Each structure stands twice: as C-alpha cells, then as structure tokens.
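Data block below; observations after.
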Amino acid sequence: MRDTFVQKLNNDKPEVNFNQDTIQGHNGSVKESSKHGWNNNHFPPIDDGFCKNSAANFRGRSTETSAPDPCGPGRMRESLEGSCTKTKDPVQLQKRLGLFSGVALIVGTMIGSGIFVSPSGLLVRTGSVGVSFIIWMACGLLSLLGALAYAELGTMNTSSGAEWAYFMDAFGSAPAFLFSWVSTLVLKPSQMAIICLSFAQYAVEAFISECNPPIIVVKMVALLCIVCILFVNCYSVNLGMAVQNIFTSAKLIAVLIIIVGGAWKLFQGNTQHLSNAFNNPTPSMGVIATAFYTGLWAYDGWNNLNYVTEEIQNPSKNLPRSIIIAIPLVTVCYALINISYLAAMSPDEMIESEAVAVTFGNRILGLFAWIMPLSVTISTFGSANGTLFAAGRLCFAASREGHLLDILSYVHVRRLTPAPGLIFHSLIAGAMVLYGTIDSLIDFFSFTAWIFYAGAMLALIVMRYTKPNYPRPYKVPIIIPVIVLVISAYLVIGPIIDKPQLEYLYTILFILCGLVVYVPFVHYRMHPAFMNKVTIFFQMLFEVVPTSQMAMFD
C-alpha cells in the first residue's frame with residue numbers, strides 16, 4: 001500500500017521528485033522507517049539544492065562559526081532570503097507574500113470585532129473617557145514597539161513559527177516546546193474561536209431582530225465559518241491571501257465610513273462628550289493593567305506576520321516595512337473611531353450598547369445603517385482567516401523540529417499548503433466554539449499571551465550578548481525590547497496582585513504540564529511504533545508529504 005501511495009503521488013505531480021531524506025518523519029524515524037520498507041529506493045537520489053552546512057544552519061540559524069558560507073564567499077551563514085536553495089526544491093512552502101499582503105495580514109487580523117462591538121470595555125474598567133483614550137493610544141504604541149522588536153527577530157531568523165523559533169535560538173528546546181504546547185492547544189485555537197463566535201453572533205442577528213439568537217444556531221454558524229476558512233486556506237495560499245486582501249480593504253472602507261460620520265458630527269458641534277474627558281477619578285494600577293488587556297485584545301495580531309516569514313518575499317525588507325505601515329495605521333484608525341463614537345453618543349450610551357458600531361450606524365447612516373452589522377461580519381471573517389493562516393504555520397514549524405506530531409509539518413503534494421496543521425487548529429477551535437464562551441476565552445488568552453511576549457523580548461536581549469555575530473538586517477535600539485519586557489511583566493503580575501484568582505494558577509500549571517510531554521517524547525525521543533502507521537494513514541488521507549527542509553533535522 002505504501003508503494004502504491006508513493007507511486008500515486010508521483011503520477012499526480014510528476015515534476016516533484018523526492019529523495020530518500022525527504023519522505024520521512026522525525027525523531028529518528030528515517031532509520032526506523034527504512035527498516036519497515038518505507039524507503040525502498042523508489043526515489044533516485046538527487047541534489048536537493050541545500051547548502052552543505054544546512055544541517056547545522058537549519059531554519060536559517062547561524063552556527064556562530066567563522067566557516068565561510070557555501071552560498072557565497074565570505075558570509076557567515078546561509079542567505080536570509082534562502083537564495084542558496086534552488087527555486088525548484090521538491091516540496092516546500094512558496095514565497096508568495098509581498099508588501100501589500102503583509103500589511104493586509106497584520107491589519108486584517110488586528111482589526112476584528114473588538115473596535116466595532118465593545119470598545120466601551122475600556123470605559124467600563126477605567127470610568128474615564130480621557131484615561132480610556134490614553135490606554136487606546138498606549139496599546140497601539142506598545143504593539144508597535146513589540147512588533148519592531150519582532151521585526152529584528154524575524155529578520156535574524158526567517159523561519160516560520162515566530163516565538164517558537166526565537167525561543168529555540170535563545171533558550172533551547174524546552175521553552176520553545178512549552179510555547180508550541182500552549183499556543184497550539186489553547187492560544188491560537190481560542191483566538192479563532194472568539195472571532196468566529198463574534199462573526200456568528202452578528203451574522204445570525206441580521207436575520208433575527210425580535211429576540212436574542214439561539215445559542216445553538218450561533219455555534220453552528222461559527223463552526224460553518226471555521227469550515228469555510230479551513231477550505232480556503234487548504235485549497236490555496238494565493239486564495240487565502242486574496243480573501244485576506246479583499247476583506248481587509250472592505251473593513252478599512254467601513255472604518256472610513258465611521259470616521260467620516262464622526263467628523264460630520266464634530267463639525268456640527270457635538271463635542272460635549274469630549275470636553276470633560278478627565279473629570280472622573282484616576283483608576284488604580286491593577287485596574288489599568290486589566291484595562292490594558294481589553295485594549296490589547298483589540299490590537300492582537302501585530303505579530304502574526306512573523307508566523308509566516310518563510311513565505312514572505314524578501315523578508316529582511318518587507319517584514320519591517322509591513323509592520324511600520326500596518327500598526328500605526330491601525331492605531332490611528334482606533335483613535336479616530338473612538339472619537340467618532342463619542343461625537344455621536346455619550347459614554348453611558350456606549351457602555352449600554354451591545355454593539356457600538358450598530359448603534360452608531362442607526363444614528364448616522366439612516367437607511368444605510370445595515371452597513372455596520374455587515375462590516376462587523378466582514379471584519380471578523382477576515383480576522384479569522386488571517387488567524388488560521390498564521391496558526392497553521394506555527395504547527396508546521398514546531399512539528400518540523402519534532403516538537404509536535406510529524407504529520408503536522410507535512411504539506412499538500414500539489415497545493416503546497418500545510419493542510420494537516422490547519423485542520424488540527426480548526427478542530428480544536430471548533431471544540432472551543434462548542435464548549436466555551438467568549439469572555440472566558442479572552443481572559444485566558446490575554447494573560448497567557450503576554451507571558452510569551454515577555455519571553456520573546458527577553459530572547460532578543462539575550463541574543464544581543466550570546467549571538468552577537470548574527471546578521472541583523474533590521475536592528476532596534478535595545479531600549480525598545482527592555483521597555484516592552486517591563487510592561488509585559490507588569491501586565492502579567494498586575495492583575496494577580498489586584499485580584500488574585502485560581503485561574504491564573506491553573507494557567508501556569510497548564511504551561512508547566514507541557515514538560516510531562518516534553519521529557520519523554522522530545523528530550524528522550526520516544527517514538528511509539530504505531531505512530532508510523534498513523535502518519536502513513538494521514539498522508540494517504542490528506543495527500544501530504546514532508547517538506548524538503550525536513551532533511552536538515554536528522
């Protein structure tokens with residue numbers, strides 16, 4: 001059956017050649033599989049285009065040695081853009097994302113439902129229009145500083161996986177595994193579940209006006225949204241990015257409508273809600289930390305481009321450029337949207353409104369008020385699409401190192417999409433949609449995410465001293481990661497001090513529980529024999545194969 005499957009793959013895509021190192025698993029599975037007849041010399045050995053020192057320099061990392069790079073005289077390591085690899089490597093993710101797509105991915109995932117549905121969350125927690133506005137701007141600045149630090153990390157190491165790859169470089173295998181453990185099982189799926197539930201809520205409400213939509217209907221629509229996005233991203237990378245670009249453009253038009261409507265109200269003299277912005281008492285430091293969680297949730301997605309670095313054209317330039325364009329654009333949009341809301345309604349009305357953008361549309365747009373709920377559904381669908389696009393690449397990168405199941409690092413033999421990783425994330429997100437609520441998911445997500453953001457800043461600082469010879473096409477002042485690290489620590493510790501809850505302890509224990517899996521299956525490389533059969537079964541089911549880079553890890 002194995003030979004039949006391999007022959008089928010070769011017949012379906014005759015231009016793809018596989019060498020013996022390519023059709024394999026991890027954790028020593030090359031040797032094990034050869035014993036079971038998986039490598040039966042059906043594949044003629046070919047030059048797969050990798051540099052001779054790629055085994056040491058896997059994922060574009062430096063070996064910190066003075067040996068010349070075979071990719072070019074006098075260089076310390078492989079080219080960041082992967083130019084030493086032939087353009088027709090057997091199977092690998094293709095570089096299809098340009099500058100516009102990079103900006104669209106960041107903007108499209110950052111602008112979700114939050115700014116349209118519940119920007120009043122900051123008003124509730126701070127009790128002050130002025131303080132909430134300052135926090136909105138501070139969240140944008142913090143996101144920009146964090147993303148600039150990520151730009152340096154992403155141009156140092158151009159592999160996909162973001163924090164996972166940076167933890168591997170700075171701290172080693174165990175911290176990287178803990179990140180992939182939490183992100184793959186909780187963070188990324190919960191983020192997608194939250195967004196899809198928001199999409200479903202507004203999609204269903206468009207057809208049910210007399211009463212609240214049934215929960216089961218909302219959940220079914222959310223599951224349908226996940227299935228549609230999964231199909232798009234499994235079918236084609238180009239289709240996934242086309243959807244992202246179109247929906248990002250559409251949501252920016254909706255943002256422009258809100259800003260223009262607010263400007264018109266201000267022109268009419270409706271400034272009373274902005275004139276007394278700082279009359280209320282200043283909230284406590286712990287309350288400010290929890291208020292930051294609310295604001296930062298609306299900004300989340302600023303690091304998503306780092307998850308797909310391997311697919312960016314010229315990442316050493318387009319990665320920082322996309323960040324520098326996208327995040328200030330989102331920050332300005334959020335600031336102007338909040339001003340527009342306050343020009344049309346009072347702070348109390350914003351707090352009482354279940355969907356601020358819909359209330360705004362009813363007051364400003366008249367017969368065209370339907371544009372706002374439509375904008376919310378468009379925005380959330382595009383954000384969910386970008387979230388899954390990035391999440392699948394984390395699965396792909398971590399499993400390629402042996403930190404997750406081998407099958408999750410395989411790509412479709414014809415479409416070159418990381419289908420198993422996308423399917424895996426979608427299944428977990430679907431389970432969270434069925435059994436979770438938006439509020440509980442957001443609280444867990446925010447606290448856990450900033451633990452790892454702090455770790456990424458620490459990784460950048462550490463590598464400035466431990467790996468000074470790494471090429472850094474883009475370099476930020478060291479004060480930037482230090483500032484973000486301090487703020488991240490405050491965001492993690494502040495809520496615990498202000499209002500201790502067992503949920504925080506459960507979160508930390510869940511992270512540490514990853515070590516129970518790491519020690520036997522990653523550190524000691526235990527590889528149950530039945531997993532070979534499982535991998536082969538899913539290869540045949542999904543028509544996927546390992547990428548050409550997998551030869552680097554053995």
Side-chain angles (χ1 to χ4, degrees), residues 59-62 80 99 102-103 105-107 109-110 137-172 175-176 179 183 187 292-293 295-297 299-310 312 315-331 390 393-394 397 446 448-493:
R59 298 185 297 106
R61 285 159 45 191
S62 171
L80 286 171
L99 178 61
V103 173
L105 182 62
I106 297 175
V107 173
T109 50
M110 289 180 71
M137 299 303 295
C139 288
L141 178 60
L142 177 60
S143 300
L144 178 60
L145 294 178
L148 290 176
Y150 269 62
E152 177 176 331
L153 290 166
T155 53
M156 287 173 61
N157 183 341
T158 57
S159 67
S160 296
E163 292 93 343
W164 175 86
Y166 314 145
F167 290 172
M168 281 290 294
D169 281 342
F171 310 127
F179 172 77
S183 294
L187 287 185
F292 260 95
Y293 277 167
L296 289 169
W297 165 249
Y299 281 96
D300 197 76
W302 50 266
N303 63 330
N304 270 359
L305 192 59
N306 288 69
Y307 285 95
V308 299
T309 315
E310 288 181 27
I312 302 175
S316 62
K317 293 182 180 178
N318 284 333
L319 177 61
R321 286 175 181 174
S322 298
I323 289 170
I324 292 171
I325 294 172
I327 297 180
L329 173 63
V330 173
T331 304
R393 275 62 183 177
L394 169 61
S446 300
T448 310
W450 280 95
I451 293 176
F452 293 112
Y453 292 157
M457 297 303 107
L458 183 61
L460 176 57
I461 296 170
V462 167
M463 286 193 289
R464 284 287 183 92
Y465 298 97
T466 61
K467 302 183 185 298
N469 295 328
Y470 263 40
R472 291 174 169 83
Y474 179 84
K475 189 174 182 179
V476 296
I478 192 64
I479 190 62
I480 288 180
V482 171
I483 291 173
V484 178
L485 175 61
V486 171
I487 296 175
S488 300
Y490 164 68
L491 291 174
V492 172
I493 298 172

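As the structure is a computational prediction, the values presented were derived from the model and not from experiment. Along the sequence shown, residues are numbered consecutively beginning with 1.
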Side chain to side chain donor-acceptor pair (under 3.5 Å) involving Y299 - partner list, sequence neighbours excluded: none
For a 4.5 angstrom cut-off between non-hydrogen side-chain atoms, does [X] reach [Y]?
X    : Y    : result
L148 : I324 : yes
I487 : L145 : no
T155 : R472 : no
L142 : L296 : yes
L141 : T331 : no

Sequence neighbours excluded - side chain to side chain donor-acceptor pair (under 3.5 Å) pairs with any residue from residues 140-151: Y150-E163
When rounded to the nearest 0.5 angstrom, what is the spacing between [atom1] in [X] and [atom2] in [Y]?
X    : Y    : atom1 : atom2 : answer
M463 : L458 : CE    : CG    : 10.0 Å
I483 : I478 : CD1   : CD1   : 11.0 Å
T109 : D300 : OG1   : CG    : 8.0 Å
I461 : I480 : CD1   : CD1   : 11.5 Å
L305 : L105 : CG    : CG    : 5.5 Å

Pairs touching residues 474-484 that satisfy salt bridge (charged side-chain N to carboxylate O under 4.0 Å, His left out), sequence neighbours left out: none
Pairwise salt bridge (charged side-chain N to carboxylate O under 4.0 Å, His left out) hits with a residue in residues 476-486, at least two apart: none
Minimum-distance pair of heavy atoms, taken over all atoms of [X] and [Y]:
X    : Y    : value
V308 : A390 : CG1-CA, 4.1 Å
G146 : M457 : O-CE, 4.0 Å
L319 : A151 : CD2-O, 4.0 Å
T158 : P315 : CG2-CG, 4.0 Å
P481 : V476 : CD-CG2, 4.1 Å
W302 : I327 : CB-CD1, 3.7 Å

Parallel, tilted or perpendicular: rings of Y453 and W450 (30°, 60°): perpendicular
Ring geometry between F452 and F179 (parallel below 30°, tilted from 30 to 60°, perpendicular above 60°): perpendicular
ring-ring contact (aromatic ring centres under 6.0 Å, His included) partners of Y474, counting only residues at least two apart: none
Name of the residue among T309, D169, N306 meeting side chain to side chain donor-acceptor pair (under 3.5 Å) with N157: D169
For R464, all residues meeting salt bridge (charged side-chain N to carboxylate O under 4.0 Å, His left out), sequence neighbours excluded: E152
